[in-house]
Amino acid sequence: MYTRIQHPLHLSMQFMLLFSRQGKLRLQKWYVPLSDKEKKKITRELVQTVLARKPKMCSFLEWRDLKIVYKRYASLYFCCAIEDQDNELITLEIIHRYVELLDKYFGSVCELDIIFNFEKAYFILDEFLLGGEVQETSKKNVLKAIEQADLLQESQNEEWGGLSEDIL
Amino acid sequence: MALKMVKGSIDRMFDKNLQDLVRGIRNHKEDEAKYISQCIDEIKQELKQDNIAVKANAVCKLTYLQMLGYDISWAAFNIIEVMSASKFTFKRIGYLAASQCFHEGTDVIMLTTNQIRKDLSSPSQYDTGVALTGLSCFVTPDLARDLANDIMTLMSHTKPYIRKKAVLIMYKVFLKYPESLRPAFPRLKEKLEDPDPGVQSAAVNVICELARRNPKNYLSLAPLFFKLMTSSTNNWVLIKIIKLFGALTPLEPRLGKKLIEPLTNLIHSTSAMSLLYECVNTVIAVLISLSSGMPNHSASIQLCVQKLRILIEDSDQNLKYLGLLAMSKILRTHPKSVQAHKDLVLQCLDDKDESIRLRALDLLYGMVSKKNLMEIVKKLMTHVDKAEGTTYRDELLTKIIDICSQSNYQHITNFEWYISILVELTRLEGTRHGHLIAAQMLDVAIRVKAIRKFAVSQMSALLDSAHLVASSTQRNGICEVLYAAAWICGEFSEHLQEPHQTLEAMLRPKVTTLPGHIQAVYVQNVVKLYASILQQKEQAAETEAAQEVTQLMVERLPQFVQSADLEVQERASCILQLVKHIQKLQAKDVPVAEEVSALFAGELNPVAPKAQKKVPVPEGLDLDAWINEPLSDSESEDEKPKAIFHDEEQRQAKPRQPEADEEELARRREARKQEQANNPFYIKSSPSPQKRYQDAPGVEHIPVVQIDLSVPLKVPGLPMSDQYVKLEEERRHRQRLEKDKRKKKKKEKQARRHSALHTESDEDIAPAQQVDIVTEEMPENALPSDEDDKDPNDPYRALDIDLDKPLADSEKLPVQKHRNAETSKSPEKEDVPVIEKKSKKPKKKEKKHKEKGREKGRKKEKKEKKPSKHKKKKHRKEQEERSADRKKSKKKQPAGGGAAEPVENGSLDEEPLPPMSSYCLLAENSYIRMTYEVQGSLQEDSRVTVSIVLENQSSSFLKNMELNVLDSLNTKLARPEGSSVHDGVPVPFQLPPGISNEAQFVFTIQSIAMAQKLKGTLTFIAKNDEGSTHEKLDFKLHFSCTSYLITTPCYSDAFAKLLESGDLSMSSIKVDGISMSFQNLLAKICFHHHFSVVERVNSCASMYSRSIQGHHVCLLVKKGEKSVSVDGKCSDSTLLSNLLEEMRATLATC
């Protein structure tokens, strides 16, 4: 049973990375269990490879036995790894959809939004993709879920904030 | 305590929050590492506080640092603390941190099980959601096992938000805990028809992913997915389903035929490129898998190619790239369709995007033909010159070589041209692929005998200009070609025009700057060359010239003797001594050439790389056996062998004269030849004589190819390959003209047939030289193919689970399969009743056989069906009908043919079977309906499993169900350990309104000779809005003798032996008034009475089954005009007569 675990699991999407033009990682989501060391190695390699590509080149590249789909939005690169059998174009659409979601949520998103609210960026991603699969295709539903969860969080925060003020 | 809290809050005012941390890091660009280690220290302090808000803030900051590459695994326990916070705000952060940094090696992960379970069942859907999301990232086998049941329950949650997440995460659970697949699958399948489209698409996602890995287990879902595909408008879902069908078609070719039409429709209609691309890919895959059976799908291929052309012509680089990628898939099976777009592909070679150029190169590989090879390579050569960047140029180089050498140089009509191309490639600066070019040169020169002369001339030129090739260190890669050049010139030195010049070129001082392994080849081949020059000179009686050559060798070899490379040094000193010796002999006027040549006698014969491996070990040869038994200990003291060895050594140490050497050589050669002749394992060379040193005229026996004189051997000027292209064109033109002339003559005789004269197909082009590519030899008895073993470590093997097989007792399950729901979903539910139960499947191996048999049956069935199809019907309908057919045939197979031998029962499937079900009603009231079947257990003697399907017919929620029976002496319900005989057995699930599910109960039986009846009761609590009531339902369980039988396959020879053994008692029945076909009759007996057909001849069949206690039951079924007689033989006469009576009842209804 345990030997099975050693093997990388094949999923639609293996991981998603967001990084800046300078190669700084802004967000990483791994749908395959890998050790930190491997993750770092992969990230480093991929960031280098993608940044080295010329701007007019197509968005796909073959890397190890995976296919990398990436797209640059302003100063950020969105980069996904998919399996050989998977559809590159739908992956591009997933990336685009995620960017749209970020844009809607933050109101014309910029890199700084993601840096300072990185946990929100994760929450949005988690409502959109789960375990490497698209869980919600409707933008409206994703945003609704996030907004409601945020509401819940705020109401609790107010409670808590009120408490601390009382103490002070 | 209060003070502590206050203190915590005040502290917190001064804590950095995430924003502060981020800002701080940005402000400390110079000493980032130092600043962060400071922050981590602060965080450690914060984590020590009791205030959960402070902790959560700290964990949030850690998560950010983790992304920057800092190790935060030390805080795993704190993360769990934050995860278990009651407030959603903190919980969310805790789970985020966990999902980012927990993995299977995180040891504290096992502490989370209960917390996660609690969160999963939280009343707040966001708590549940956040737990599910987190779990999807860090689920371990242990977590999967412990939480599978909780997640499975969530699949039926009231909120689609949760259902959707639960369904998706099940995939992860299956991967980690494959045992959960079977019990969870029915519910998962239900979700395919969930009212919420999000849940539905999640279920499609999961099942498609599962099915892609192990498609054969999901074939039965094909009709359902087909329906979804034709009805869904969601592109995301469609893409998944189409991908799934791509995986299923190789297993079920008929599915492929059905798919083509809806897919081509989609290709025509969709505007979404991703969907179009998926469809095209799947059509290609389908057509590839159908390629043998489907002659006429050129229209679909044409459509795909057209669409791909549009993609490739698009200005979007992405579409261009994918278009080329898909095109290369079509190329493999339909090269002609793609070759028509050669222009487009060649255009792509000029694209500014390197990845597109590389794709185009890939395509070119498959597009070449004899006709266009030269043209394409010419184009590539110009690209080689233009290419900037060595990677792309190297890629071009390898592609040129790949293209030319593919399938045994199939497309090369003129090898002189190819050699010149190779020589031109050596002028590339800084390529890494010198060894590739070298390998090609060697391969061509060795295998194409006709080209050797030309090759040698080119190689000697190359050696002559070696200083150019090897001039700079930067061009090191390319000097590998000198290896090939030196070897070719040496080995085929008889073809050299100016051997002396070449010899000098190879002995230049500059050579010593080459890499060692190349120098070594130089040294070795210098001797070959020297030998052939000696022979030449001696034959011409130019002794002086011969001595001059020897002198040259003696002068130049010492430079190699000093080499730092061991190999070079060793060879050079050996050879130097040899040459010096020759020099002495020459001084005495002794002819030496013959002997020197003898050193290199023998022809090189190409042998296939796998030849040795493919020689089967002959019968009677045991490779592990001793050839000589090892000496026993007592003999080891014996001195004798030692002495012999010593003797031998002394003898060999004696210096020998060359004459003796020659004698010895000849003797050994003879001996070897003898040995080889007698040795069955020696791969003999072609029968042509090979010893040119003894038998100079023998050279003529080598099938040397007549070189067309229209092609000059050497074309002056550079680049040469271009000139060959021109010459080749002229040659072809001439050929064509000749052919035309011939044709015209024919035409005069015959009536006009063809109007176009200048169509030139590939086959028409005769090669310039009658090139004989010496095919690599294989031993005569080589095995035809090598087996590619599948990777035994594939993680999906664990999920290769037969989902149609009923659940066994061993799979103790929280929720079980319920078949009612499954069948009601099948598209054919109205008109084709479905067999609900399948007889127990035999073990895997047999199944494979069975499938073959099934295939046969299906094909026949199809043939019969065809005429009855109405053409007026619309296509869609027809497809559904066909899908129903297929489903039927699949369903009936396990029932009808059961586990019988395929050869003998293959014909059973010729016509559709009547509807059958072995589930019968047990009891029913307004709340619940129970149906059941009894099945023998293979694993344990004297046990049967009763599967009861419980269907909630009310609007109440049924729970606490418990089943109890009054045990008889003979038949007892297996109760959990420790419970008394009066206790009931709880049903392991609850039933919401309208839901049905199946539970299994095990009974132990003592005697199986008689049928049994047991009284029992089901008790349960029915809960609705008004409250809950205790209810019960009485029933009578009937155990027929049939239910003790297990379908067991039996071979006819074993069957015959059984009958001959004579210790079986006999009994028979006869039933009149049978109208059913014999076919269906047998199927019915197989299905209802668990028999398998052993053999069938006309209207007579032998059948076999086995009881759970090991009784053999043999039947001979004969059909008369309107009656059927069944003769039975069995080791227990009571059992037999009871069985036959039960059978009579079944047959009476036929």
Side-chain angles (χ1 to χ4, degrees), chain A residues 1-12 24-31 33-36 40 43 53-54 56-61 85-90 92-93 115-116 118-119 122-123 126-127 130-131 133-138 141 145 148-149 152-153 156-157 160 164 167-168, chain B residues 5-6 9 18-19 22 53 60 63-64 67-69 71 87-89 92-93 96 103-105 124 126 129 132-133 136-137 141 161 164-165 168-169 171-172 175 198 201-202 205-206 209 212-213 234 236 239 243 273-274 277-278 317-318 320-322 352-356 793-796 798:
Chain A
M1 182 168 196
Y2 285 91
T3 50
R4 215 159 43 223
I5 300 154
Q6 309 290 321
H7 291 269
L9 296 171
H10 304 267
L11 293 161
S12 260
K24 284 246 191 267
L25 197 58
R26 295 302 179 208
L27 186 140
Q28 54 172 345
K29 191 82 196 174
W30 299 82
Y31 298 109
L34 292 171
S35 71
D36 278 355
K40 270 186 205 165
T43 310
R53 285 175 65 94
K54 297 190 185 84
K56 286 280 173 165
M57 284 174 117
C58 72
S59 298
F60 318 120
L61 58 119
Q85 297 285 310
D86 290 317
N87 189 320
E88 292 95 335
L89 290 174
I90 205 77
L92 268 187
E93 278 179 45
I115 297 173
F116 283 106
F118 85 106
E119 83 279 17
Y122 278 118
F123 294 151
D126 285 342
E127 285 300 328
L130 192 134
E133 300 282 346
V134 176
Q135 69 166 309
E136 182 55 70
T137 52
S138 145
N141 287 352
Q148 280 174 358
L152 191 65
Q153 177 168 344
Q156 284 179 354
N157 269 357
W160 190 86
S164 67
I167 294 165
L168 285 174
Chain B
M5 263 185 81
V6 172
S9 304
L18 177 69
Q19 269 75 14
V22 175
C60 185
T63 314
Y64 185 79
M67 187 168 64
L68 298 184
D71 175 36
K87 288 203 168 61
F88 177 68
T89 320
R92 207 181 188 190
I93 286 169
L96 174 63
H103 50 86
E104 283 185 2
S124 156
Y126 292 103
L132 283 172
T133 307
S136 75
C137 294
Y161 177 80
K164 180 176 78 184
K165 283 178 192 279
L168 279 178
I169 200 178
Y171 180 58
K172 294 275 195 169
L175 287 176
S201 95
N205 265 344
V206 173
E209 283 304 312
R212 275 168 68 189
R213 319 296 175 184
N234 182 337
W236 306 73
I239 285 175
K243 206 180 275 300
M273 279 301 175
S274 49
Y277 179 60
E278 194 63 52
Q317 300 289 87
N318 293 337
K320 208 188 267 289
Y321 177 88
L322 294 179
K352 52 195 176 299
D353 184 347
E354 191 179 300
S355 43
I356 286 174
N793 295 325
D794 181 4
Y796 292 99

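Quantities reported herein were computed from a predicted structural model and do not represent experimental measurements. Lettering of chains follows the sequences in order, A, B, ..., and the numbering in each one begins at 1.
Inter-residue side-chain proximity for A/Y31 and A/L130 is flagged as unmet; no heavy-atom pair is nearer than 4.5 Å. For the pair A/D126 and A/K29, the minimum side-chain heavy-atom distance is below 4.5 Å. Between B/R212 and A/D86 the shortest side-chain heavy-atom distance falls below 4.5 Å. B/Y161 has its side chain out of reach of A/Q135: every pair of non-hydrogen atoms, C-beta onward, lies at least 4.5 Å apart.
The contact between B/R92 and chain A is made by backbone and side chain atoms together, counting heavy-atom distances below 4.5 Å. For a residue to count as touching a neighbouring chain, one of its non-hydrogen atoms must lie under 4.5 Å from one of that chain's; by this rule B/Y64 touches chain A with backbone and side chain alike. Looking at B/L168, both its backbone and its side chain come within 4.5 Å of chain A, counting heavy atoms on both sides. Proximity to chain B (any heavy atom under 4.5 Å) is shown, for A/N87, by both the backbone and the side chain. Heavy atoms of B/L18 lying under 4.5 Å from chain A belong exclusively to its side chain. When heavy atoms are compared at a cutoff of 4.5 Å, A/K40 approaches chain B solely by way of its side chain, counted from C-beta outward. The contact between A/R26 and chain B is made by backbone and side chain atoms together, counting heavy-atom distances below 4.5 Å.
Counting only N and O atoms by type, the side chains of B/Y126 and A/Q148 include a donor and acceptor under 3.5 Å apart.
Note on B/K165 versus A/E136: no salt bridge recorded, every NZ/NE/NH1/NH2 to OD/OE distance being 4.0 Å or above.
Side-chain atoms of A/R53 do not come within 3.5 Å of backbone N or O of A/S59 as any donor-acceptor pair.
Note: B/G69 leads B/G69, B/G198, B/A202, B/C137 in heavy-atom pairs under 4.5 Å with chain A. Put simply, of B/K352, B/M273, B/H103, B/K243, the one with the most heavy-atom pairs under 4.5 Å next to chain A is B/K243.
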